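Quantities reported herein were computed from a predicted structural model and do not represent experimental measurements. Counting starts at 1 for both ligands and their atoms, following the listed order.
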Amino acid sequence: MWLGIDIGGSKLALVLADGTGAPLRATRRLAWTPSGDAARDLGVIVGEARRLLADGGGARLRALGVCVPGPLDSRSGIVEGPPNLPGWRDVPLAALLEREFGCAVALENDANAAALAEWQARAPRPASLVYLTLSTGVGAGLVLDGRLYRGMHDLAGEVGHAPVVWDGEPCACGLRGCLEAYVGGAAWTRRLRRIAPESGRVAELAGGREAVRPEHVVAAAREGDAFALSEVERWNEHLSRALVAVAFAFAPEVISLGTIASAMGEALCLTPQRERMAAHVWPRLADAVRLELRALGEELPYRAALAVAEIAAMEKR
Ligand SMILES: [Zn+2]
């Protein structure tokens, strides 16, 4: 039996499955708020895992995979202090869980794990795939020539913090002009609440400007609202600067786009991105790279955690 755990800043998802490719046996998903104390948080996570194992009939656990926000060291299994898990500084998570459950444990950051799951979800599996999370924050995972590419300090794929505008908008990371400061859900939400017209369609859909979120802009853009369309255009413009660089840097067979792009869909995101790709990338390369919306929806966190469990099963056999 494999166990996968996805530890987010506001949600915890756990999944139990038989080995390779078997259907999910049981899942749990709960809202949670990290307490600020890693030992206490770990107690909650272990308790939930034990409950799920009991639900699954108590079969022997062979591998455990954990997705956590970075920074982390996947080789030593240490969580180094993610901003959205306060109090988690240099936590030897893999070793602690190995002791707790007596099985192989692997850790990956959430973008890397999601990229593996997106790669596995396609048949046939593409030679290479880059997955961009495009959620509250922006990160990417790289599966190159059929292997997860982690880079130095597990930092490969941090394109969310490569600048798309020199000295542009300030980013939560401390730099300026980062992709995340333009297309990340948190940054976009802050901007929208500042500039959305008080009596416009976007504010109306949200029930007030202070409640506006990206999904309201997407809905209003579908109705043809001018402000929403201009915001979507701006979002696409900044994202395309990163996608062009990704295409030239990796020439991946597939670039898969996550949450916000997936909500925008074909007309609002893929079509304008393909047009920009055609304009800014050599034709031979632009034709070869497939731009797609993510293949996995709600099940992505579970599949991502199980993809990490598979690493544990294979590497630590
Ligand atoms: Zn940044």
Side-chain angles (χ1 to χ4, degrees), residues 6-11 34 67-74 78-90 107-115 130-142 148-195 212-215 217 231-250 252 255-264 269 273 276 280 294 304:
D6 179 278
I7 306 173
S10 60
K11 284 200 183 69
C67 311
V68 265
L72 58 82
D73 183 337
S74 61
I78 291 174
V79 179
E80 292 172 347
N84 48 2
L85 291 178
W88 287 56
R89 181 145 293 278
D90 298 327
L107 303 188
E108 293 292 343
N109 75 48
D110 33 19
N112 284 358
V130 175
Y131 176 70
L132 272 94
T133 57
L134 299 172
S135 175
T136 310
V138 177
L142 315 172
L148 181 65
Y149 180 77
R150 300 179 179 90
M152 299 298 289
H153 300 300
D154 289 84
L155 288 175
E158 288 287 0
V159 295
H161 302 283
V164 289
V165 178
W166 287 128
D167 301 321
E169 299 285 337
C171 179
C173 78
L175 295 174
R176 298 189 78 95
C178 300
L179 175 67
E180 182 173 298
Y182 293 85
V183 308
W188 200 16
T189 298
R190 277 196 302 276
R191 170 184 161 85
L192 292 167
R193 289 179 186 182
R194 205 172 63 236
I195 66 154
V212 169
R213 289 194 306 272
E215 68 216 56
V217 176
E231 279 298 301
V232 167
E233 167 80 11
R234 178 182 183 272
W235 189 90
N236 275 316
E237 172 58 27
H238 290 99
L239 178 63
S240 71
R241 294 177 190 179
L243 295 188
V244 165
V246 165
F248 274 116
F250 304 109
I255 299 177
S256 168
L257 303 176
T259 316
I260 296 178
S262 164
M264 284 184 184
C269 178
Q273 289 302 336
R276 284 173 168 85
H280 298 289
R294 69 179 187 189

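- Under the rule for a side-chain contact (heavy atoms from CB on, under 4.5 Å), A162 has no partner lying at least two apart in sequence or in another chain.
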Review point. Under the side chain to side chain contact (heavy atoms under 4.5 Å, CB included) criterion, do I7 and V79 qualify, and how do the steps go?
Key: CA-CA 11 Å; I7 306 173; V79 179; over 6 Å; no
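- For the pair E231 and R194, the salt-bridge criterion is not met [side-chain N within less than 4.0 Å of a carboxylate O].
- With hydrogens and angles disregarded, a donor-acceptor distance shorter than 3.5 Å links the side chain of T133 to the backbone of G139.
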Exercise for review: Please step through side chain to side chain contact (heavy atoms under 4.5 Å, CB included) for the pair R191 and Y182, ending with a clear verdict.
Suggested key: CA-CA 9 Å; R191 170 184 161 85; Y182 293 85; over 6 Å; no
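- Annotation: side chain of D90 is in contact with side chain of E80 (closest heavy-atom distance under 4.5 Å).
- For the Zn ion (ligand 1), protein N, O or S atoms closer than 2.8 Å were enumerated as H161 ND1, C171 SG, C173 SG, C178 SG, with waters left out.
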